[in-house]
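We count ligands from 1, going down the list as the structure has it; atoms in each ligand are counted the same way.
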Amino acid sequence: MAKKKLSARAARREGDRTSAKLTRDIERLALLEPGHTPGRAIPLDAASQVEVAARSIPCPRCRGAFRVEDHTAETLDGVRLRVAKVACSACGAGRSLYFRLGAASLN
Ligand SMILES: [Zn+2]
């Protein structure tokens, strides 16, 4: 039996709404995970670890692997951070990941 409750366009609209909400939820949850906000920067000993650490974080949307396109040094609220610009190699979603250097020593 064919289910024909929604026209193709209505079904697509419904799907868009659902996936938009899902994306919002995923993004909100991602912000609670380490590395996704400056306040949750992941401690590292050296800038050379940024790429490896960023690649070990799964994409919140699809669990794919990020590739690091660039990383920059930034100071936020007096804390030295490395901000990695990454893009998911699977779904293409781009984001910034945050790392804190020299966390082991107090300086
Ligand atoms: Zn992804």
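- Checked against side chain to side chain donor-acceptor pair (under 3.5 Å), Arg95 has the following partners two or more places apart in sequence or in another chain: Glu27, His36.
- The distance from the CZ atom of Arg55 to the CG atom of Leu97 is 12.5 Å, given to the nearest 0.5 Å.
- Connectivity analysis of hydrophobic side chains (ILVMFWY, heavy atoms under 4.5 Å, direct or indirect) links Leu22 to Ile26.
- Annotation: side chain of Leu32 is in contact with side chain of Arg40 (closest heavy-atom distance under 4.5 Å).
- For the Zn ion (ligand 1), the neighbouring protein N/O/S atoms at less than 2.8 Å, given as residue and atom, are Cys59 SG, Cys62 SG, Cys88 SG, Cys91 SG.
- Around CG of Asp16, the count of heavy atoms belonging to other residues, nucleotides or ligands within 6.0 Å exceeds 12.
- Val79 belongs to a hydrophobic cluster whose remaining members, ordered by chain and number, are Leu76, Leu81, Val83, Tyr98; membership requires side-chain heavy atoms of ILVMFWY residues under 4.5 Å apart, directly or through intermediates.
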